[in-house]
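Side chains included, hydrogens not; waters and symmetry mates left out as well; all remaining heavy atoms used. Every number for a ligand or one of its atoms is a count from 1 in the order of the listing. The first residue in the sequence is number 1, and the count goes up from there.
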Amino acid sequence: MAHQPRPLVAGNWKMHGIAASVAELEAIIAGAASRPPSADLMICPPATLIASFAKVAAGSTVAIGAQDCHAEVSGAFTGDLSAEMLKDAGATAVIVGHSERRSLHGETDDMVKAKAMAAARADLTAILCIGETSEEREAGATMARLKRQLDGSLPDTLERLVIAYEPVWAIGTGLTPTPADVAEVHKMIRNYLISKDKAQGETVRILYGGSVKPQNAKELMAVPNVNGALVGGASLKAADFLGIAAAYA
Ligand code: PGA
């Protein structure tokens with residue numbers, strides 16, 4: 001590929017973190033300043049921490065993102081947050097369609113697409129997650145499943161878009177696909193994106209997510225068309241997150 005996009009290592013804190021957790025963010029910022037990786041870094045804390053984290057991270061190389069957004073700008077949607085509100089709080093990105101949202105909150109491809117479009121509308125990077133279940137992988141249906149998710153949830157513009165391939169069975173389990181399996185999926189995703197938009201499709205970052213650790217990051221990040229990682233558990237500790245970022249030393 002002619003132009004490798006600059007990698008992104010993003011941490012998804014899920015429902016972990018209180019005000020005192022800013023110490024981990026500060027350690028990540030300090031670590032990234034002393035040994036700058038050749039990758040963009042981002043932490044996506046719970047929404048309650050976005051504003052305070054964005055203030056702490058201002059002027060650093062660490063960006064702050066959100067974990068979900070509503071598709072509408074505003075309205076009678078108790079408990080929800082719009083992409084515009086997240087941007088106003090200091091987020092520069094938002095994860096959409098994470099498998100936990102899809103499975104535990106019944107989010108469909110249509111809903112995920114609307115959220116990705118909302119992110120673009122608010123001038124946020126959407127980190128759009130797709131991934132197959134273990135049953136789908138065992139049935140040889142991985143590619144068909146991922147293509148269906150891309151067909152259904154890809155926003156109309158690829159500008160600022162990030163895709164995260166996260167096999168559901170690899171999330172939080174310590175299991176990972178082989179580098180060859182990751183390579184096959186990421187190539188399919190790259191070709192799919194190029195078929196939608198030749199120029200933009202080359203530049204979209206395709207992250208791998210699911211049990212990325214300092215121990216396996218180098219091998220996974222070296223796979224062709226892997227342009228970074230979406231990290232859950234290992235992003236909660238600064239040393240582990242920096243250890244993963246160090247794959248891009
Ligand atoms: P994990 O989670 O790194 O803990 O497997 C990844 C994710 O859900 O984004």
Under 3.5 Å, side-chain donor or acceptor atoms of residues 112-129 against the rest of the protein: list the pairs with distances, not counting sequence neighbours.
| unit_1 | atom_1 | unit_2 | atom_2 | d |
| --- | --- | --- | --- | --- |
| K113 | NZ | D156 | OD1 | 3.4 |
| K115 | NZ | D68 | OD1 | 2.8 |
| K115 | NZ | D68 | OD2 | 3.4 |
| K115 | NZ | C69 | O | 3.1 |
| K115 | NZ | E107 | OE2 | 2.8 |
| R121 | NE | E84 | OE2 | 2.7 |
| R121 | NH1 | A71 | O | 2.9 |
| R121 | NH2 | A71 | O | 3.2 |
| R121 | NH2 | E84 | OE1 | 3.0 |
| R121 | NH2 | E84 | OE2 | 3.4 |
| D123 | OD1 | R160 | NH1 | 2.8 |
| T125 | OG1 | R160 | NE | 3.3 |
| T125 | OG1 | R160 | NH2 | 3.2 |

Write out the protein residues near ligand 1, meaning a non-hydrogen atom under 4.0 Å from one of its atoms, in order of chain and number.
-> N12, K14, H98, E166, A170, I171, G172, G210, S211, L230, V231, G232, G233
Report all side-chain donor-acceptor pairs from residues 146-154 shorter than 3.5 Å, counting only partners two or more places apart or in another chain.
| unit_1 | atom_1 | unit_2 | atom_2 | d |
| --- | --- | --- | --- | --- |
| Q149 | OE1 | G131 | N | 2.8 |
| D151 | OD1 | Y192 | OH | 2.5 |
| S153 | OG | Q149 | O | 2.5 |

State yes or no: do L207 and L236 share one hydrophobic cluster built from I, L, V, M, F, W and Y residues joined by side-chain heavy-atom distances below 4.5 Å, directly or via other members?
-> no
Side chains of residues 14-26: which donor-acceptor partners sit under 3.5 Å, not counting sequence neighbours?
| unit_1 | atom_1 | unit_2 | atom_2 | d |
| --- | --- | --- | --- | --- |
| K14 | NZ | E100 | OE2 | 2.9 |
| S21 | OG | I18 | N | 2.9 |
| S21 | OG | I18 | O | 3.0 |
| E24 | OE1 | A238 | N | 2.8 |

Give the ring-plane orientation class for Y208 versus H186, where under 30° counts as parallel, over 60° as perpendicular and anything between as tilted.
-> tilted
Output field: ring centroids W13/F241 closer than 6.0 Å | no
